[in-house]
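Here the structure comes first, spelled out in structure tokens, and everything after it is commentary.
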Amino acid sequence: MIVRTRRVKPIGQRIELVPMDVHCGDITLGLYEQAGDAGTSFLVHTYSSRDGAGRRVRYVAEAMSILGGMDISRGSDTMLRFPCGRAHRVACRRIFLESAKLGSGSPLGARPLRVFDKRKGRNIEVASLGSGQYVVRSAGNEGTHDRRAAVAVLGLVKLGDMEAVPGTSDRVRFDCDTSHDAAVGLLLTRALEVRAALREIESRAARGVLAAPSNQAL
């Protein structure tokens with residue numbers, strides 16, 4: 001008797017999970033990290049064979065590309081990487097989660113480098129200074145210390161894997177010295193609600209046990 005064994009293709013280390021995707025029959029979506037010679041790549045994947053699951057995974061990857069400024073691999077339309085080749089793992093996780101919140105077919109476009117601050121009734125704006133560095137200001141408060149802008153700086157540091165620029169209270173940077181404007185625009189939408197965003201991450205981590213393929217929603 002010939003016993004056939006199924007080979008499982010390695011897809012990398014899972015770094016984020018959407019346990020139940022409400023936009024596609026509650027399938028599970030995972031984000032996997034892979035290291036390679038050209039840098040770090042990320043794979044959007046589901047084990048589900050439910051009708052439409054493949055299209056859903058491809059849409060989420062496309063959303064990550066547009067909203068996060070990531071490049072889609074030529075060899076796979078669900079594999080992405082940042083142009084700099086660095087991981088920026090925390091930022092990528094947030095880009096994945098925000099992309100998965102969108103229903104398939106929703107129009108996609110990069111977010112502006114500003115967000116409306118409901119508490120103060122004004123925009124928080126971010127300007128690129130080049131080489132991966134950004135300055136954060138409240139509209140109308142140029143040249144003065146602003147607490148809400150400082151909150152946005154903290155949010156970008158926590159949610160975007162960025163660094164506060166030493167000696168400043170209004171500047172952040174990526175350690176790759178590369179600008180990632182689309183990612184910053186997306187992260188800025190949650191930067192003023194950093195505590196809520198961190199609670200969401202912790203909640204997902206507590207629930208995030210990826211089921212075996214046979215136990216996933218089909």
Side-chain angles (χ1 to χ4, degrees), residues 6 8-35 40-82 87-111 115 155 158-161 180 182-191 193-218:
R6 184 175 63 178
V8 179
K9 182 180 179 180
I11 59 176
Q13 176 186 3
R14 178 171 60 82
I15 62 168
E16 192 52 84
L17 181 75
V18 175
M20 299 176 68
D21 178 19
V22 298
H23 300 294
C24 189
D26 291 339
I27 67 172
T28 297
L29 298 174
L31 181 68
Y32 296 80
E33 179 180 332
Q34 299 181 4
T40 302
S41 296
F42 299 91
L43 176 70
V44 183
H45 180 72
T46 182
Y47 286 110
S48 175
S49 58
R50 177 186 287 272
D51 183 45
R55 291 191 299 274
R56 177 59 180 164
V57 168
R58 289 191 293 273
Y59 174 82
V60 172
E62 180 185 9
M64 292 181 66
S65 173
I66 295 173
L67 298 178
M70 303 181 71
D71 296 330
I72 295 181
S73 170
R74 292 183 179 180
S76 170
D77 53 8
T78 58
M79 182 84 74
L80 308 101
R81 66 190 293 273
F82 287 103
H88 299 308
R89 187 175 299 108
V90 177
C92 190
R93 290 171 61 189
R94 173 51 51 185
I95 294 167
F96 169 69
L97 292 174
E98 295 297 327
S99 297
K101 291 177 181 178
L102 301 175
S104 296
S106 298
L108 299 171
R111 305 289 170 81
V115 65
K158 293 290 186 180
L159 302 177
D161 219 10
H180 296 287
V184 172
L186 178 66
L187 296 168
L188 187 61
T189 62
R190 299 300 302 275
E193 305 169 355
V194 61
R195 292 182 181 177
L198 292 175
R199 284 197 298 270
E200 177 190 11
I201 292 173
E202 293 171 356
S203 176
R204 288 182 181 277
R207 304 196 312 266
V209 179
L210 185 59
S214 60
N215 293 330
Q216 295 229 354
L218 300 177

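What you see is a predicted model, and the numbers here were worked out from it, not measured in a lab.
In this structure, SG in Cys92 is found 12.0 Å from CZ in Arg94, a value given to the nearest 0.5 Å. Atom CG of residue Asp51 and atom SG of residue Cys24 lie 8.0 Å apart, to the nearest 0.5 angstrom. The line from NE2 of His45 to CZ of Arg14 is 11.5 Å long, rounded to the nearest 0.5 Å. Atom CE of Met79 and atom CD1 of Ile11 lie 9.5 Å apart (nearest 0.5 Å). The distance from the CD1 atom of Ile66 to the CZ atom of Arg111 is 11.0 Å, given to the nearest 0.5 Å.
Considering every non-hydrogen atom in both Ala110 and Ala182, the closest pair reads CB-CB, 4.4 Å. Contact record, Arg56 with Ser104: NH1-OG, 3.0 Å, taken as the closest heavy-atom pair. Among all heavy-atom pairs drawn from Lys158 and Val90, the shortest one is O-CG1, 3.4 Å. A pairwise comparison of heavy atoms in Val22 and Asp26 identifies CA-OD1, 3.8 Å as the closest pair. Nearest heavy-atom pair across Ala183 and Ile95 is CB-CD1, 4.1 Å. The minimum heavy-atom distance linking Ala87 with Glu33 is given by the pair CB-OE2, 4.5 Å.
At a threshold of 4.5 Å between non-hydrogen side-chain atoms, the residues Tyr32 and Val44 do not count as touching. Proximity of Phe96 to Leu80: side-chain heavy atoms (C-beta onward) are nowhere separated by under 4.5 Å. Counting only heavy atoms from C-beta outward, the side chains of Leu43 and Thr78 approach each other to under 4.5 Å. Looking at Ile15 and Phe42, their side chains come closer than 4.5 Å, going by heavy atoms from C-beta outward. Between Leu17 and Leu31 the shortest side-chain heavy-atom distance does not fall below 4.5 Å. Considering only heavy atoms from C-beta on, Leu108 comes within 4.5 Å of Glu62 through its side chain. Residues Val60 and Leu102 fail the side-chain proximity criterion, which asks for heavy atoms closer than 4.5 Å. The shortest distance between side-chain heavy atoms of Val57 and Leu29 falls below 4.5 Å.
Checked by atom type and distance alone, the side chain of Ser48 never pairs as donor or acceptor with a backbone atom of Ala53 at under 3.5 Å. In this structure, the side chain of Tyr59 engages the main chain of Ser106 through a donor-acceptor pair within 3.5 Å. Of the possible donor and acceptor atoms, one in the side chain of Thr46 sits under 3.5 Å from a partner among the backbone N and O of Thr28. The main-chain N or O of Met70 is found under 3.5 Å from a side-chain atom of Ser65 such that the two form a donor-acceptor pair. Judged purely by atom type and a 3.5 angstrom limit, His88 has no side-chain atom pairing as donor or acceptor with the backbone of Gly160. In this structure, the side chain of Glu98 does not engage the main chain of Leu186 through any donor-acceptor pair within 3.5 Å.
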